[in-house]
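Sequence positions, counted from 1, serve as the residue numbers for this chain.
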Amino acid sequence: MPELNGTKLLARNVAAVRRSSALAVEHIAGNPVSTRLESGVGNCFPGLECDLRNLERRFLPYLEVEFLGFQVAPNVGRELIMPVAVDLEGVERAVAAGELSEDAASVYRDIRTAISANRLVVGIRLSGTFGILGPLDLDLLEFDGNAASGLGRQPPDLWTAVRMLTENTPVQVTFVVQDPDDSFVLETTRARYLDDNGALSAVFLPGELTQSLCSPWTHDFRDCGCFYWASNHPDIVQPVYPAGTAPLDPQPWTVDVAWQRRARQIAATPPPSATTASAQPLELRHYEINRRWQELHFVIGRRETTTAFKPVEQIGRPLPDLPTLLAHLRYAAGVELGVAQEYLTAAYSLKADDDASLGGKPQLRDDVRATRAELMRIAVGEMRHTRAVNDVIRAMMPPGEFAPALRVARLLPPVQPGVDRPVVFRPADRAAIEDFISIEAPSAGVDGLYFDILATLQNPPADVQPLAAAEWTEAISSIIAEGEDHYQTFLDMREWLDGYAESEYLRSTNPPRPSPGQADHDALQQAYVQLLENLHAGYGKGRLAGAGEVNAARVAMIAEIDPRAHAVAERGKLVVFDEINDARFKPIDPP
């Protein structure tokens, strides 16, 4: 089957998405899924994908700071807090809204005036509540940390101290200004780094968490393998097409080559495979990588490219009014539930790790285990999408009128115009994997459904509140971006299983559905209905108030759904989910 609609490269970091919205840019090229923190090798400073120390640069509201180090004696250092920028517009808005006192605003203005006059401003005293260490008053001119234990001990350094400050608790910083000497005391609260949706706060700019990463993480460590190699840096790639575009016969160019190969010329024939023995070193030498790193090509969709990337155009049709938008959102939630059911059925159709037929076949066992784990991960991802869609519905509806959307779609959105299909329960055979690839493909199936919703939120009709629509464009954009991850993962599954007969990795190539009244099947249905009941109660209460019920539903996935589904599968039957005769959960048709 040909890959559908090309490569989709979207901005997956919320700071970039917000910036594009502020600049009225309808589409921006972004990052591969490997740049997400959950896909990274390391997510702490100095890190391979980000530097979390940069969060503390904004621990004071409306203020950007750096930590200024200096020596007071041989091998004795100190750190001070140095303001570098003030969001004065934010300060004035906060004062007007009654969120900031005039006294605090006056301090911000004085700091801004001093910085603008190129006067040195430093914070020399920091007071606040430092997590488990409790309230402390730190004189930064004397503070050097200590290794003591127990009550009364201090943080080991200034960055750790700032890191430990409890969110939304009072903080007091004494600033001094030189030439002429002056001082200010800022009393405020420790800033929040995440917003109410759990996303990075809007105060952080695109690239801010990576701007301090050092050069070795970028292009060095040729032989670090998986120990220090950032996940968004490739090892094996497919080479650049000779003229920048695919030749008439692209097959020879599917060869796997080393990304850091020494031979960098683009020729009429493909370079040798990374597995081909050669008398010359295949990769750049250690000293060469520092001199020639700029010759390494960008890689998109596993292939090197030397031409400008042209984003896949997102074509969405804005919906005419709020009722139509809500109908599409409710259907979208049903689609997420429907594909999640299909993926769960496929996952339980795979042989268990202890299946005797996998004995002595470690590669097959690993491929089956990986496929099962990824199917389960994607199914959980679809459940997260269901919650996100419900949050959007709640935000769009008048207060008190929200009803959770938990009805499974009767038909899935078409991957080609006019060609849709019902939810189908079947094992993870080749045909099923191909359908999963199609439904998750860029600009098709589930993806295409959300483009219309996104276009509506970006260009809201008259009966949709613009501020509410703008707030939730990020949630829908995130769902679209994660769909690319699902699509790429299903492509990987196809590759993993392609070399095996279906009978080698499936419990059965044609498992029968359970007969009505079978105890294990009935227990599975009861557990699934209870899961929906918990979700319905939790979604109905809201994102925060309903946390207990939503968590209960998550626990049920492991404690209730999983063992009952295993019991059905181990008996040689297909795991299926019956249609529920309840108005809250019965199937929903496309709008």
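Remark: F577 engages Y528 in a ring-ring contact (aromatic ring centres under 6.0 Å, His included) (not counting sequence neighbours). Residues satisfying the ring-ring contact (aromatic ring centres under 6.0 Å, His included) criterion with H486, sequence neighbours excluded, are H385. By the salt bridge (charged side-chain N to carboxylate O under 4.0 Å, His left out) test, R377 pairs with E374, D485, sequence neighbours left out. Scanning for ring-ring contact (aromatic ring centres under 6.0 Å, His included) contacts around Y539 gives an empty result, with sequence neighbours left out. Residues passing the ring-ring contact (aromatic ring centres under 6.0 Å, His included) test with Y348, sequence neighbours excluded: H566.
Counting heavy-atom neighbours within 6.0 Å of D589 CG, excluding the residue itself, gives a total above 12. Counting heavy-atom neighbours within 6.0 Å of Q465 CD, excluding the residue itself, gives a total of 12 or less.
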Full working for side chain to side chain contact (heavy atoms under 4.5 Å, CB included) between L535 and F585: CA-CA 11 Å; L535 291 179; F585 310 131; over 6 Å; no
Side chain to side chain contact (heavy atoms under 4.5 Å, CB included) between E342 and I439, intermediate numbers included: CA-CA 11 Å; E342 287 194 341; I439 198 68; 5.9 Å; no
Residue pair L344, M376: steps toward the side chain to side chain contact (heavy atoms under 4.5 Å, CB included) verdict: CA-CA 6 Å; L344 289 172; M376 296 297 289; 3.7 Å; yes
Stepwise salt bridge (charged side-chain N to carboxylate O under 4.0 Å, His left out) test for R384 and E336: CA-CA 9 Å; R384 287 202 307 269; E336 300 290 358; over 6 Å; no
Salt bridge (charged side-chain N to carboxylate O under 4.0 Å, His left out) between D391 and R394, worked out: CA-CA 5 Å; D391 287 341; R394 174 187 288 278; 5.4 Å; no
From CA spacing to verdict: side chain to side chain contact (heavy atoms under 4.5 Å, CB included), Y487, I437: CA-CA 6 Å; Y487 171 65; I437 292 171; 3.6 Å; yes
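Residues F130 and T166 fail the side-chain proximity criterion, which asks for heavy atoms closer than 4.5 Å. Contact check for D256 versus Q238: side-chain heavy atoms found under the 4.5 Å cut-off. When side chains are defined from C-beta on, L406 counts as touching L337, because their heavy atoms get closer than 4.5 Å. The shortest side-chain heavy-atom distance between R163 and L52 falls under the 4.5 Å cut-off. Contact of the I476 side chain with the F451 side chain is not registered, since no non-hydrogen atoms from C-beta on lie closer than 4.5 Å. At a threshold of 4.5 Å between non-hydrogen side-chain atoms, the residues E579 and R410 count as touching. The shortest side-chain heavy-atom distance between T456 and V464 does not fall under the 4.5 Å cut-off. Counting heavy atoms from C-beta on, the side chains of T489 and E440 never come closer than 4.5 Å.
Here the side chain of N534 pairs no donor or acceptor atom with the backbone of E549 at under 3.5 angstrom. Under the 3.5 Å distance criterion, the side-chain polar atoms of E502 are matched with a main-chain donor or acceptor of R430. When atom types are taken as modelled, the side chain of H328 and the backbone of T324 share a donor-acceptor pair closer than 3.5 angstrom. Here the side chain of K351 pairs a donor or acceptor atom with the backbone of S503 at under 3.5 angstrom. In terms of modelled atom types and a separation under 3.5 Å, the side chain of R407 and the main chain of K586 share a donor-acceptor contact. In this structure a side-chain-to-backbone donor-acceptor pair under 3.5 Å is present from S349 to A428. With hydrogens and angles disregarded, a donor-acceptor distance shorter than 3.5 Å links the side chain of R507 to the backbone of L350. Side chain of T345 to main chain of V575: a donor-acceptor pair is present (N/O by atom type, distance under 3.5 Å, no hydrogens or angles). Proximity of a side-chain donor or acceptor of E382 to a complementary backbone N or O of V339 within less than 3.5 Å is not detected.
Between the side chains of N390 and R387, no donor N or O sits under 3.5 Å from an acceptor N or O. S438 and D435 form no side-chain donor-acceptor contact under 3.5 Å, judged by distance and modelled atom types alone.
Heavy-atom minimum distance, P590 versus L411: CG-CB, 4.0 Å. Nearest approach of V568 to L574, heavy atoms of both residues: CG1-O, 3.8 Å. What you find for L531 and A556 is that their closest heavy atoms are CD1-CB, 4.5 Å. Between A388 and I479, the shortest heavy-atom distance links the atoms CB-CD1, 4.0 Å. E401 and M397 make their closest contact through O-CE, 3.0 Å (heavy atoms, listed as atom of the first residue, atom of the second, distance). Residues P511 and P427 come closest through the heavy atom pair CD-CG, 3.8 Å.
Here CD1 of I236 is found 7.5 Å from OG of S273. Values are rounded to the nearest 0.5 Å. Atom CG of D355 is separated from atom CD of E504 by 11.5 Å, given to the nearest 0.5 angstrom. Between the CG atom of D578 and the CD atom of Q526 there is a distance of 11.0 Å, given to the nearest 0.5 Å. Once rounded to the nearest 0.5 Å, the distance linking OG1 of T371 with CZ of F490 reads 10.0 Å. Between Y343 atom OH and M383 atom CE the span is 13.5 Å, to the nearest 0.5 Å. Note that CG of L412 is 5.0 Å distant from CZ of R421, once rounded to the nearest 0.5 Å.
No option in R372, K361, R365 other than R372 meets the salt bridge (Lys or Arg N to Asp or Glu O under 4.0 Å) test with D353. When each of L457, I393, V392 is paired with L325, the side chain to side chain contact (heavy atoms under 4.5 Å, CB included) condition holds for L457 and for no other.
The aromatic rings of F204 and Y193 lie perpendicular to each other, with more than 60° between the two planes, well past the 30° mark. Aromatic ring pairs are classed by plane angle as parallel below 30°, tilted from 30° to 60° and perpendicular above 60°; the pair Y500 and Y505 is perpendicular.
Sorted by first and then second residue, the pairs that involve residues 511-532 and meet salt bridge (charged side-chain N to carboxylate O under 4.0 Å, His left out), not counting sequence neighbours, are D520-R571.
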